[in-house]
Amino acid sequence: MLKLLRILLLGLAMVVVFVLGTLVCLVRPRHPNNVYLLGRLFHLACPLVGLKVSIRGREHVRSLDSAIYIANHQTNWDIITHPGVLSPRTVAIGKNSLFWIPLFGPLFWLSGNLLINRENKAKAASTIGKVVEKIRSRKLSIWMFPEGTRSKGKGLLPFKTGAFHIALQARVPIVPIACSSYFGQVDLNRWDNGEVIIEIMPPIDVSDLEPAQLRDLLKQSRKQIADGIARLDKEVRRPDSLTQTGAES
């Protein structure tokens, strides 16, 4: 019964967010703060699923103009947990095919996020160049999941290089973000699904780095996030029972 009630409430909340979000984006299409606003609305859904999300380290990014934010990607619930971290003028990067997802796709684009062709590797350099130009001309920050896919409880996956190419070319810092492990923690039939802790780490300055140091930057960033996850996992409050019945992954 609780699960059904939550599904209905989440469905209603998503409809409201999509309607309001679409209206806002039609009034100011592709405004750099649309994603920030929509993210705040999505983040409000956390209590609906019984999650308490604690965010640390905002002081590390208050003075930043532009940055590449990178975080670990675990489940579909990241769409409500992670937006609480977003800073103004931050957008995400998605595949061109996202545009064709009913409701979500057009709103994703209209809100100001960037769509790129990930399938054509021959155009990768050109694509990165376009993202870098957007960062410079519009003073944007970019949010990316460098694993490229949800880990689904498999631990931190290998990182792809795209975020680091962009950071080095745009000469903007990398901001590692660690989120405590919560795969299997959300059971819609359970009132209290425990806590998720997200930590924003100090920016990594790339201004003196050369392209040849990309792999070192990737390894340093991944290690910081991995160490952060391990640290947060030791202190996060979890539900008394982690039954998988009804758990959403």
Side-chain angles (χ1 to χ4, degrees), residues 1-55 69 71-115 141-145 147-153 177 179-180 182-198 239 244-249:
M1 184 62 184
L2 178 58
K3 181 177 181 178
L4 178 59
L5 178 61
R6 276 179 163 155
I7 290 173
L8 291 174
L9 289 174
L10 284 170
L12 178 61
M14 291 301 106
V15 170
V16 171
V17 169
F18 275 117
V19 171
L20 289 178
T22 300
L23 289 175
V24 169
C25 292
L26 287 174
V27 170
R28 53 177 201 181
R30 300 191 60 74
H31 189 282
N33 278 336
N34 286 346
V35 176
Y36 174 75
L37 173 62
L38 289 173
R40 292 293 172 182
L41 293 176
F42 275 105
H43 189 61
L44 291 175
C46 290
L48 281 179
V49 300
L51 275 178
K52 178 184 177 182
V53 180
S54 302
I55 299 173
Y69 294 91
N72 53 314
H73 191 16
Q74 299 180 65
T75 79
N76 288 333
W77 293 117
D78 287 351
I79 197 173
I80 65 170
T81 57
H82 287 57
V85 180
L86 287 176
S87 297
R89 305 188 71 85
T90 301
V91 301
I93 294 178
K95 297 181 294 185
N96 281 337
S97 57
L98 284 178
F99 183 83
W100 303 106
I101 298 176
L103 296 178
F104 175 80
L107 183 57
F108 183 87
W109 177 81
L110 198 59
S111 62
N113 292 304
L114 306 179
L115 294 175
S141 291
I142 305 293
W143 179 282
M144 299 184 73
F145 290 116
E147 294 165 281
T149 188
R150 292 160 291 162
S151 59
K152 298 182 179 181
I177 297 171
C179 177
S180 61
Y182 73 97
F183 178 78
Q185 185 172 320
V186 179
D187 182 345
L188 294 181
N189 274 320
R190 182 169 48 216
W191 279 108
D192 180 8
N193 282 309
E195 183 182 27
V196 171
I197 304 176
I198 303 178
Q244 294 298 314
T245 304
E248 172 66 46
S249 61

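Start at 1 with the first residue, then count along the sequence.
- Distance check, rounded to the nearest 0.5 Å: OG of S180 to CD of Q74 gives 7.0 Å.
- Between W77 and Y182, some side-chain heavy-atom pair lies under the 4.5 Å cut-off.
- When atom types are taken as modelled, the side chain of T90 and the backbone of L86 share no donor-acceptor pair closer than 3.5 angstrom.
- Residue T81 holds its OG1 atom at 15.5 Å from NZ of K52, rounded to the nearest 0.5 Å.
- The heavy-atom pair separating V91 from P32 by the smallest distance is CG1-O, 4.5 Å.
- Minimum heavy-atom separation, I93 to M144: CD1-SD, 4.2 Å.
- Here the SG atom belonging to C179 is positioned 6.5 Å from the CG atom belonging to D78, to the nearest 0.5 angstrom.
- A parallel orientation is assigned to the rings of Y69 and W143, their planes being inclined by less than 30° (bins at 30° and 60°).
- Residues V53 and H43 are in side-chain contact: their nearest non-hydrogen atoms beyond the backbone lie under 4.5 Å apart.
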For a side-chain contact (heavy atoms from CB on, under 4.5 Å) check, start with the C-alpha distance between L115 and F108, then their side-chain angles and the critical distance, and finish with the verdict. CA-CA 9 Å; L115 294 175; F108 183 87; 3.7 Å; yes

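- Of all non-hydrogen atoms in R190 and P239, the two that sit nearest each other are NE-CB, 3.7 Å.
- Relative orientation of the H82 and F145 rings is perpendicular, given thresholds of 30° and 60° on the angle between their planes.
- Although no hydrogens or angles enter the test, the distance criterion places a donor-acceptor pair under 3.5 Å between the side chain of N113 and the main chain of A92.
- F104 contributes atom CZ, which lies 8.0 Å from atom OG of S111 (distance to the nearest 0.5 angstrom).
- A heavy-atom distance below 4.5 Å is not found between the side chains of K152 and T75.
- Of the possible donor and acceptor atoms, none in the side chain of Q185 sits under 3.5 Å from a partner among the backbone N and O of V196.
- At distances below 3.5 Å, at least one donor-acceptor pair connects side-chain atoms of R6 with backbone N or O atoms of L188.
- When each of V24, L110, V27 is checked for a side-chain contact (heavy atoms from CB on, under 4.5 Å) with N34, only V24 meets the rule.
- For the pair R150 (side chain) and N76 (backbone), a donor-acceptor distance under 3.5 Å is absent.
- Between the side chain of H73 and the backbone N or O of T149 there is no donor-acceptor pair closer than 3.5 Å.
- A distance of 12.0 Å separates CG in L107 from CD1 in I101, rounded to the nearest 0.5 Å.
- The two residues F42 and I79 come nearest to each other via the heavy atoms CB-O, 3.6 Å.
- Rounded to the nearest 0.5 Å, atoms CG (L41) and CD1 (I80) are 13.0 Å apart.
- Pairing each heavy atom of I177 with each of N72, the nearest pair is O-OD1, 3.6 Å.
- Closest approach of L44 and P47 over heavy atoms only: O-CD, 3.2 Å.
- Here the side chains of N33 and R89 are in contact, with some heavy-atom distance below 4.5 Å.
- Residues S54 and E195 are in side-chain contact: their nearest non-hydrogen atoms beyond the backbone lie under 4.5 Å apart.
- Counting heavy atoms from C-beta outward, C25 and L38 have side chains that approach closer than 4.5 Å.
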Could you go step by step and tell me if L12 and L8 meet the side-chain contact (heavy atoms from CB on, under 4.5 Å) rule? CA-CA 6 Å; L12 178 61; L8 291 174; over 6 Å; no

